[in-house]
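Below: one structure, written as structure tokens.
In listed order, ligands and their atoms are each counted from 1. Given the structure is predicted, the values throughout are model-derived calculations rather than measurements.
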Amino acid sequence: MRKQRSQEISQEYKIMVVDDEEGIIDTVTALLTRSGYWCKGFTDPLEALEELESEHYDLLILDYFMQPIHGDEVVERIRKRDYELYILLLTGHKELAPPVSTLKSLAIQAYCEKSDRTDQLQLLVESGIKSIGQMRTIKQFQDGLNSILGAVPKIYQLQPIGNILEEILRQILPLVRGEDAFILVDELPELLDVTASMGVEPVERKSIFCGIGMYRGSVDSFTSMLDHGLMEAVGRARTDCKLTYAPEGVVLPLHDEKGQSLGVIYARNVSSEYGIKLLEIYAHQAASSISNAFLHSLVNIKNEELYETYAQLKQRYMDTVEVLRLAVDAKDEYTRGHSDRVVGLSLQIGRDYGLSEAELEELRVAGLFHDIGKIGTADDILLKAESLTDEEYEQIKRHPTKGAMILSAVSMFESIVPVIKHHHERWDGSGYPDGLSGLDIEFNARIIAVADAFDAMMSDRQYRSHLSFEDAIQQLRDGSGTQFDPDVVSRLLTLLERDPGILDTIRQ
Ligand SMILES: [Fe+2]
């Protein structure tokens, strides 16, 4: 084994020289070392093969005729595990050169005759190194692109903007082989419009900063990390909207599809052209993911805003309807508390049906407001102790439709409106206002109809005293299948039989 002769040379590319003649090794290594290449010589091809097992070389200059194995066999063994090694075959004489088919099948990139003239060998080595360099760049570029492809789904995942920025930076560093980078982005102006409209202060456009390596820190400490050269480069990159070289790195502008500036990425110590190219490709992806994240938060804010407005509106309307309901209750001392009791009974029945919490809430609101339409019925009719005339009765019969109208004003009561409208329909179709029958009547309306009638029977009226519990139960039985849904009646009866106490709880 022969040692390389000079250490004052670049080790970017490693060259191995294998020849069983020491003189040739001396000549070739002297030539290459003088040209600034790092090389190591071997007289024993088996020893060279062993070295290649553990060490990486970029270029192999190989003698063809050697002992104990020829160059073609050496190449054959190498190619079994390394197809990339650039091989330059040295032949003693033109006639002794291996056939082109052998050179091709073994992927030998070049061959050269041993001669006193070394310029030919030198040219071949230089061209080989150039080709290796290009292959290396292509490989690095491919790796970088693969890495970008791998990173893109991660940075597109919907997550807080700070996490996205950090992920973007984490993916950048291997591409540019740097350690220090930062991203500076501005919130979208639309976000400010929305937050301002919600009365959230302050309304100035906030900058979001994320740094790694020497730039790790908050946005407050960020300005102290910048020198004027870098600040100028950042400003220029944003203004010109193009890649800008800073004293120690590069600044890439980030902009959305419409060309609106989002901010910049700065990476320090990016030397290679391919690194910068990759950074440009990656910055484009990063800008899209940041833009997406902003739009998503915009949607969230708008949704929140809408939800809040909706909740306020709902609450205000509920309050209004509640006032109406209390007004209806207040009109008639005999019916006071009626709607609350209807709610209590209806919920008992609803629970027996196994309704969900949301369904029970719907039933509750419907029960609470079922007679809200009575607000439009004249007091002298509502409070009349004597029997009603046909005309008066017609007026009373309008309250389900009126109630439905009152609740139709806002969409939040959409599902309750038909229940209010149909709480006086009868199972046999002889009810009002639409004469619906059986299962055509809304489920909640069938429950409320039973609860409403039962509470009315159990309460005093201007024109009669309340019925006894037994009589009320009998009336329910009598009306089952004609006035009332028999299944609802049967469930209420079972509930009352099982625990008559529920009535006291409801009527408290
Ligand atoms: Fe009613």
Side-chain angles (χ1 to χ4, degrees), residues 321-350 362-385 387-408 413 415-437 440-464 466-467 472 475-476 479 482-485 488-489 492 506-507:
V321 178
E322 179 65 7
V323 169
L324 291 179
R325 179 182 80 90
L326 293 174
V328 170
D329 267 16
K331 276 184 173 205
D332 183 353
E333 60 178 297
Y334 288 100
T335 58
R336 205 156 295 156
H338 167 67
S339 46
D340 285 321
R341 294 192 297 273
V342 169
V343 169
L345 269 180
S346 299
L347 290 181
Q348 290 282 353
I349 301 167
E362 225 170 71
L363 185 57
R364 189 187 71 81
V365 178
L368 207 56
F369 298 149
H370 74 282
D371 272 346
I372 199 82
K374 282 187 180 170
I375 194 78
T377 310
D379 286 3
D380 53 346
I381 300 175
L382 271 185
L383 305 175
K384 195 171 175 186
S387 37
L388 298 171
T389 65
D390 288 349
E391 170 54 27
E392 286 164 346
Y393 188 51
E394 284 307 312
Q395 282 225 27
I396 291 268
K397 280 164 72 178
R398 283 184 204 129
H399 81 270
T401 309
K402 279 185 188 163
M405 285 299 135
I406 290 170
L407 293 177
S408 292
F413 294 120
S415 57
I416 293 164
V417 167
V419 180
I420 305 296
K421 192 174 180 187
H422 297 135
H423 76 277
H424 283 290
E425 300 289 356
R426 293 170 55 113
W427 184 255
D428 60 8
S430 63
Y432 59 88
D434 294 330
L436 299 181
S437 63
D440 286 343
I441 307 165
E442 286 74 18
F443 177 61
N444 281 353
R446 282 180 268 137
I447 294 178
I448 288 170
V450 173
D452 185 21
F454 186 69
D455 184 70
M457 294 172 208
M458 296 292 290
S459 307
D460 290 333
R461 285 290 186 260
Q462 290 93 336
Y463 45 89
R464 62 152 171 81
H466 69 84
L467 302 185
Q475 280 220 8
L476 277 187
T482 51
Q483 184 175 355
F484 309 120
D485 177 345
V488 175
V489 171
L492 178 59
I506 290 163
R507 298 184 69 82

Identify which protein N/O/S atoms are less than 2.8 Å from the Fe ion (ligand 1). Asp371 OD1, His399 NE2, His423 NE2, His424 NE2

Of all heavy-atom pairs linking Pro400 and Ile396, the shortest is CD-O, 4.3 Å

Give the ring-plane orientation class for Tyr393 versus Tyr432, where under 30° counts as parallel, over 60° as perpendicular and anything between as tilted. perpendicular

Side chain to side chain contact (heavy atoms under 4.5 Å, CB included) partners of Glu362, counting only residues at least two apart: Ser415, Ile416, Asn444

Give the minimum heavy-atom separation between Ala404 and Ile420, together with the two atoms involved. N-CG2, 3.8 Å

For residues 419-433, pull every pair meeting salt bridge (Lys or Arg N to Asp or Glu O under 4.0 Å), keeping only residues two or more places apart or in separate chains. Lys421-Asp434, Arg426-Asp428

Taking only residues two or more places apart in sequence or in another chain, which ones pass ring-ring contact (aromatic ring centres under 6.0 Å, His included) with Phe443? Tyr353

